[in-house]
Student: 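Sending over a structure as structure tokens; questions will come in a sec.
Proteins come first, then strands; the chains are lettered A, B, ... in the order of their sequence lines, and each starts at number 1. Every value quoted in this text rests on a predicted model; they were computed, and no experiment measured them.
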2 protein chains.
Amino acid sequence: MAARMTRQRTAVVEALDELADFRSAQQLHETLRARGESVGLATVYRALQALADASEVDVLRAEDGESLYRRCARREHHHHLVCRHCGSTVEIDGPTVEAWASKVAAAQGFDDIEHTIELWGTCADCRAASVS
Amino acid sequence: MAARMTRQRTAVVEALDELADFRSAQQLHETLRARGESVGLATVYRALQALADASEVDVLRAEDGESLYRRCARREHHHHLVCRHCGSTVEIDGPTVEAWASKVAAAQGFDDIEHTIELWGTCADCRAASVS
DNA sequence: ACGCTTGTTGAGAACGGTTGTCAAAGATCG
DNA sequence: CGATCTTTGACAACCGTTCTCAACAAGCGT
Ligand SMILES: [Zn+2]
Ligand SMILES: [Zn+2]
Ligand SMILES: [Zn+2]
Ligand SMILES: [Zn+2]
């Protein structure tokens with residue numbers, strides 16, 4: 001039952017800490033492999049899953065359905081503005097949106113309400129790169 | 001180049017019109033098969049894809065990643081409150097949210113902004129059913 | 001330091017939704 | 001009706017993710 005500290009687990013956490021952006025499991029796997037700190041793909045998935053369960057990482061789905069992971073600065077509920085090209089991310093607070101979402105849902109007689117609110121765009125860097 | 005009107009295409013559209021809720025491609029395929037109006041699964045996917053491209057149906061992703069389709073009453077931009085058990089749906093307007101989303105993204109220097117705003121819950125019917 | 005126990009790893013198979021393949025079927029038009 | 005050219009559908013391929021299970025190693029008691 002006790003979670004053991006393994007080389008692989010720490011490697012995944014470290015990689016996430018160094019990367020400020022949302023990354024897919026496969027990207028992380030490749031990053032680790034590239035720096036010699038090789039970890040099995042299944043293990044990367046398991047580590048990310050465990051971190052997500054512990055609310056240590058945020059997960060969101062790219063437009064193509066792939067899951068993206070990120071170790072956010074704040075642990076409290078928040079949303080993201082994400083560059084769809086490079087994964088660059090800004091954390092977003094939306095107090096008014098939070099209130100709006102729960103009010104609307106309750107007014108329709110719905111329970112166990114959750115909301116998905118994510119903003120996608122092209123960051124300044126990627127725009128500059130694509131212009132050249 | 002001209003889109004031809006085929007039995008399969010009309011069958012998919014009719015099934016969508018009769019169903020008020022978000023449904024997966026496989027659910028629709030099964031529904032059609034059950035009523036004798038048999039259509040190949042690949043064809044169901046292609047028809048839904050074409051309808052989505054023409055903005056005739058809305059598409060959203062369930063929490064498990066499956067795509068769900070619905071022919072909404074209004075063609076204009078809107079969002080949804082969806083029962084995660086039965087797909088029952090309420091269309092939602094959020095003028096304040098729209099303004100909030102574009103303002104926040106622009107303030108961070110992002111371009112080509114899109115937003116994903118969906119509300120998930122348990123509808124009154126499903127709650128009543130689960131209590132019994 | 002040394003086993004023991006038990007959680008963890010990793011290569012590959014399996015899975016599930018979705019898309020591609022391509023010969024046969026059929027919608028449209030002259 | 002016949003020619004044309006899109007559409008269909010059974011099936012394979014794809015791709016991200018999860019499962020399997022024997023080998024491995026963390027933590028612990030000695
Ligand atoms: Zn970018
Ligand atoms: Zn929120
Ligand atoms: Zn329901
Ligand atoms: Zn909107």
Student: For the pair R9(A) (side chain) and A3(A) (backbone), establish whether a donor and an acceptor sit closer than 3.5 Å, ignoring hydrogens and angles.
Tutor: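 Answer holds: no.
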Student: Scan residues 40-54 of chain B against DNA chain D and write down, sorted by residue number, each residue with any heavy atom closer than 4.0 Å; if none is found, say none.
Tutor: G40(B), A42(B), T43(B), R46(B)
Student: Got a second to check how far L28(B)'s CG is from L41(B)'s CG, nearest 0.5 Å?
Tutor: 10.5 Å
Student: Could you check whether any side-chain N or O of T89(B) sits under 3.5 Å from a backbone N or O of G87(B), counting only pairs where one atom can act as donor and the other as acceptor?
Tutor: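 Yes: the side chain of T89(B) pairs with the backbone of G87(B).
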Student: What pairs of nitrogen or oxygen atoms, one from the protein and one from nucleotides 27-29 of chain D, lie under 3.5 Å apart?
Tutor:
{"from": "dG27(D)", "atom 1": "OP1", "to": "M5(A)", "atom 2": "N", "distance (Å)": "3.4"}

Student: If you apply the rule salt bridge (charged side-chain N to carboxylate O under 4.0 Å, His left out), what do you find for E118(B) with R84(B), and how did you get there?
Tutor: CA-CA 11 Å; E118(B) 303 298 344; R84(B) 78 185 109 233; over 6 Å; no
Student: Within the pair R9(B) and dT6(D), is there a side-chain N or O less than 4.0 Å away from OP1 or OP2?
Tutor: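 No, because none of the side-chain N or O atoms of R9(B) sits under 4.0 Å from OP1 or OP2 of dT6(D).
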Student: When you get a sec, tell me which of dG9(D), dT17(D), dG10(C) is the closest nucleotide to the side chain of Q8(B)?
Tutor: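 Ranking dG9(D), dT17(D), dG10(C) by closest atom to the Q8(B) side chain puts dG9(D) first.
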Student: Rounded to whole angstrom units, what separation is found between the CG atom of D64(A) and the C1' atom of dT19(C)?
Tutor: 14 Å
Student: If the helix axis at each end comes from five base pairs, how far does the helix from dA1(C)-dT30(D) to dG30(C)-dC1(D) deviate from straight, to 10°?
Tutor: 30°
Student: L32(A) has an atom CG; how far is it from atom P of dG10(C), in whole Å?
Tutor: 10 Å
Student: Please confirm whether the shortest side-chain N or O distance from S67(A) to OP1 or OP2 of dT17(D) is below 4.0 Å.
Tutor: yes
Student: Between H115(B) and H77(B) (judged by ring centroids, cut-off 6.0 Å), do the two rings come close enough to count as a pair?
Tutor: yes
Student: Expressed in angstrom and rounded to an integer, what is the separation of R23(A) atom CZ from dG16(D) atom C1'?
Tutor: 18 Å
Student: In whole angstroms, how far is the P atom of dT19(C) from the NE2 atom of H29(B)?
Tutor: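 So the NE2-P distance, H29(B) to dT19(C), works out to 15 Å.
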Student: Is it the case that the side chain of Q8(B) and the backbone of V44(B) share a donor-acceptor pair, with hydrogens and angles ignored and the cut-off at 3.5 Å?
Tutor: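 Not a single qualifying donor-acceptor pair exists.
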Student: With rounding to the nearest 0.5 Å, note down the distance linking OH in Y69(B) to CG in L60(B).
Tutor: 10.0 Å
Student: CZ of R33(A): more than 12 outside heavy atoms within 6.0 angstrom?
Tutor: no
Student: Within the 3.5 Å criterion, strictly below it, is a donor on D21(A) or S88(A) matched to an acceptor on the partner's side chain?
Tutor: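 Not at all, the side chains of D21(A) and S88(A) share no donor-acceptor pair under 3.5 Å.
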Student: Rounded to whole Å, please give me the gap between CD in Q26(B) and C1' in dT19(C).
Tutor: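 Value for this atom pair: 13 Å.
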Student: Taking the nucleotide of DNA chain C with the nearest heavy atom to each, does R7(B) or R61(B) sit closer to the 5' end?
Tutor: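 Looking at the nearest nucleotide for each, R61(B) comes out on the 5' side.
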Student: Measure the distance from CD on E66(B) to C1' on dT17(D) and round it to the nearest whole Å.
Tutor: 15 Å
Student: How far apart are the closest heavy atoms of V39(B) and R7(B), and which atoms are they?
Tutor: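 Closest approach of V39(B) to R7(B), heavy atoms only: CG2-NH1, 4.4 Å.
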Student: Return the CD1 to CD distance between I117(A) and E98(A), rounded to the nearest 0.5 Å.
Tutor: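 CD of E98(A) is found 6.0 Å from CD1 of I117(A).
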Student: Expressed as a whole number of angstroms, how long is the span from L28(B):CG to dG17(C):C1'?
Tutor: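 Atom CG in L28(B) sits about 14 Å away from atom C1' in dG17(C).
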